[in-house]
Colleague: 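Pasting in a structure now, in structure tokens, and then I'll have a few things to ask.
Order of appearance sets the numbers: ligands from 1, and atoms from 1 within every ligand. Here, residue 1 is the first one in the sequence, and each next residue gets the next number. Because only heavy atoms are used, hydrogens play no part in the values below, and waters and symmetry mates are left out as well, while side chains stay in.
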Amino acid sequence: MRTAYKERIARRLTWVTALIILIVFVLIYLVASFTVVRNIDYELQLETDKHKDQIFLVNGEIRFLHMDEWEEMEHSQIQLNPIFIEIVDLEGKSKDRSPNLRENHLSFSPEKSLKNEAWTQKIGASEVRTRQIPLYNAGKHEGYLLLAKSFDDTRELLDNLRNVLLVFYPMILISLYLTMRYLAGKSIEPIQEIIEKTNQITQKNLNERVPEPELEDEIGQLTRSINDLLGRLEQALKREKQFTSDASHELRTPLSVLRGTLEVLIRKPRTSEEYEQKIQTALGTIDRMSAMIDQLLALARVENAKNLVREELELITFLEEKADQISSEQKRKITFQSQVSLPIYITTNEKSLEMILDNLLHNAIKYSPGNSDIFLRVGKSGAFPYIEVADSGSGIAEAHLEQIFDPFFREKEALDQGIPGTGLGLAIVKKLAQESQIKLSVVSKKDVGSTFRLDFPSQS
Ligand code: ADP
């Protein structure tokens, strides 16, 4: 069975408090009984001292000196808590006793007098606290004086206290449990509201948010975290939609061109040169489409590839080879520059880094005049290795420095000048860099050139 959270909080708190209250009640009872017993024992001691001198001890006879006076005193005072006295010889045989004992005797226990401590015993139906001291006559041990004081009032007091505590204990616990349940319910009310609101939010109303409480407490933080999460989800969904619509648009355009070309071709008979030219156009369009599909697949692959394998790589050799390879493939001079002489080792996914550099170097070649310089630089900024791809080409307008990383974004000049491209390369670069924890940045000035920079995390 599922127990409600408020129920659990209330139960746990009640258990803990029950234990604490139990300890406190037991302590109260023990302290109270210890104090009253100590008081009685003290009174007993005073009485013993008082009565010890009123005993007649001569020639083996032991008795009260002034029994008649004592009796009188006993009768003249209203004895709320009477004293019982008995004198016994060494064998414990009763020699004399106070009249209020009637037919009862106080029990004799020689070892108690050695310890000089009081104890509780029964006389008929009553309980008494008893003390016993040895009696000496001229240094000779003659017997014992037993003194007892009624313990009934004290017992009643202690029993009452115990009963009150026993009755109060469950009552306190029940009211505590109910109060805690109520308070716990009240404190989790905002969570209930959050649950209800979040349950209502679906893909259709992802723009709605959970109302944020005014207090800056944990519930406020939870609400804010949920709202932030909803915000991120909304953005991701928007980007996804935008991407799908951009992708279909980008693919539909060359398809329409292809269709147009073919329709024109079949409208009437053509010369073989005309056929060749139109087919060439159609093939060019197909090439562009397959390049775009390749890029789209690459982007999808990057998005799905999590936790790429990382291996150690020596950057200087790797980049030198890369510059040579692209340079000979594209018939363009790429100058490799290393700012440090010692090898630079990094741990990264080689394939991802290769793809990033391919895209950046191809862009540098595409967007700069054929005779301009392209640099591939490597260096270290403190403990952090970095790579730069710099060109002196068309540059990027400041307003577009962020947008160039969005899928399908291309600057107008690139489109107008008919520079081939899909607008997906830098989006792929950005994703790959994120995956490999590489910081990607760009500095560019229109008609001066652009520098793309990759900063690696510390390798130590
Ligand atoms: P593509 O090159 O296929 O158009 P990218 O995503 O690689 O797509 O680049 C997006 C846009 O950023 C390019 O269309 C271009 O306008 C601009 N761009 C990228 N690199 C450079 C560069 N080195 N110099 C000037 N503009 C650039």
Colleague: Would Gly393 count as a contact of ligand 1 if the rule is a heavy atom under 4.0 Å away?
Modeller: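 It does not; every heavy atom stays at 4.0 Å or beyond.
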Colleague: Backbone or side chain, does any N or O of Ser394 fall under 3.5 Å from an N or O of ligand 1?
Modeller: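 Between Ser394 and ligand 1, no N or O pair is found under 3.5 Å apart.
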Colleague: Give the intermediate values and the outcome of side chain to side chain contact (heavy atoms under 4.5 Å, CB included) for residues Leu426 and Asn359.
Modeller: CA-CA 7 Å; Leu426 286 181; Asn359 272 295; 5.7 Å; no
Colleague: Quick one: does NZ or CZ of Arg453 land under 6.0 Å from the six-membered ring centre of Tyr386, within 45 degrees of the ring axis?
Modeller: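 Verdict for Tyr386: a cation-pi partner in Arg453.
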Colleague: Starting from atom 6 (O) of ligand 1, which protein heavy atom do you reach first, and at what distance in Å?
Modeller: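 Protein heavy atom with the smallest distance to atom 6 (O) of ligand 1: Leu426 N, 2.8 Å.
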Colleague: When you check the side-chain N and O atoms of Asp246 and Gln242, is any donor under 3.5 Å from an acceptor?
Modeller: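 On atom types as modelled, these side chains qualify, holding a pair under 3.5 Å.
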Colleague: Please determine if Ala414 has a nitrogen or oxygen closer than 3.5 Å to a nitrogen or oxygen of ligand 1.
Modeller: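 Among all N and O atoms of Ala414, none is under 3.5 Å from an N or O of ligand 1.
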Colleague: Suppose we measure from atom 26 (N) of ligand 1 to each protein heavy atom; which comes out shortest, and what is that distance?
Modeller: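 The protein heavy atom lying closest is Ile396 CG1, 3.3 Å.
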Colleague: So, 4.0 Å and heavy atoms of Asp391: is ligand 1 close enough to count as a contact?
Modeller: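 Within the 4.0 Å threshold, so yes.
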Colleague: Out of Ile404, Ile365, Thr422, indicate the one that has the non-hydrogen atom closest to atom 12 (O) of ligand 1.
Modeller: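 Among Ile404, Ile365, Thr422, the closest heavy atom to atom 12 (O) of ligand 1 comes from Ile404.
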Colleague: Can you tell me the protein heavy atom closest to atom 4 (O) of ligand 1 and the distance?
Modeller: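 Its nearest protein heavy-atom neighbour is Arg410 NE, 2.5 Å.
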Colleague: Give the contacting part of Phe409 toward ligand 1: side chain, backbone, both or neither, where contact means a heavy-atom distance below 4.0 Å.
Modeller: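 Under 4.0 Å from ligand 1, Phe409 contributes backbone atoms alone.
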Colleague: Is Glu435 paired with Arg310 through a side-chain N to carboxylate O contact shorter than 4.0 Å?
Modeller: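 Judged by the 4.0 Å cut-off on N to carboxylate O distance, Arg310 and Glu435 do not form a salt bridge.
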Colleague: Do Phe456 and Gln437 have side-chain heavy atoms sitting under 4.5 Å apart?
Modeller: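 Side-chain contact under 4.5 Å: no.
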Colleague: Atoms of ligand 1 less than 4.0 Å from Gly421 heavy atoms?
Modeller: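 Taking each heavy atom of Gly421 in turn, ligand 1 has 3 (O) under 4.0 Å.
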Colleague: So which heavy atom in the protein is nearest atom 21 (C) of ligand 1, and how far is it from that ligand atom?
Modeller: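 Nearest protein contact, heavy atoms only, for atom 21 (C) of ligand 1 is Tyr367 CD1, 3.4 Å.
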Colleague: Counting each atom of ligand 1 from 1 as listed, which ones have a heavy atom of Glu411 under 4.0 Å away?
Modeller: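 Counting atoms of ligand 1 from 1, those under 4.0 Å from Glu411 are 14 (O), 16 (O).
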Colleague: Which heavy atom of the protein is the closest neighbour of atom 20 (N) of ligand 1, given with residue, atom name and distance?
Modeller: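 Answer, as residue, atom name and distance: Asn363 ND2, 3.4 Å.
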Colleague: Measuring from the heavy atoms of His362, does anything fall under 4.0 Å of ligand 1?
Modeller: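 No heavy atom of His362 comes that close to ligand 1.
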Colleague: Does the Asn205 side chain pair with the main chain of Glu208, one donor and one acceptor, at a distance under 3.5 Å?
Modeller: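 Between the backbone of Glu208 and the side chain of Asn205 there is no qualifying donor-acceptor contact (under 3.5 Å).
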Colleague: Give a yes/no verdict on a cation-pi contact between Arg155 and Phe151, requiring under 6.0 Å between NZ or CZ and the six-membered ring centre and an angle within 45° of the axis.
Modeller: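 Checked: cation-pi criterion not met.
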Colleague: Does Glu212 pair with Arg224 as a salt bridge, N-O distance under 4.0 Å?
Modeller: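 Answer for the salt bridge query: yes.
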Colleague: Under 3.5 Å between some N or O of ligand 1 and some N or O of Gly423?
Modeller: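 So ligand 1 has an N or O lying under 3.5 Å from an N or O of Gly423.
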Colleague: How about Phe408 and Phe243: are their ring centroids closer than 6.0 Å?
Modeller: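 When the ring centroids of Phe408 and Phe243 are compared, they turn out to be within the sub-6.0 Å range.
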Colleague: At a 4.0 Å threshold, what atoms of ligand 1 neighbour a non-hydrogen atom of Lys366?
Modeller: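 Counting atoms of ligand 1 from 1, those under 4.0 Å from Lys366 are 1 (P), 2 (O), 3 (O).
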Colleague: Which atom pair, heavy atoms only, marks the closest approach of Ser109 to Trp119?
Modeller: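 Scanning both residues, the minimum pair turns out to be CB-CZ2, 4.2 Å.
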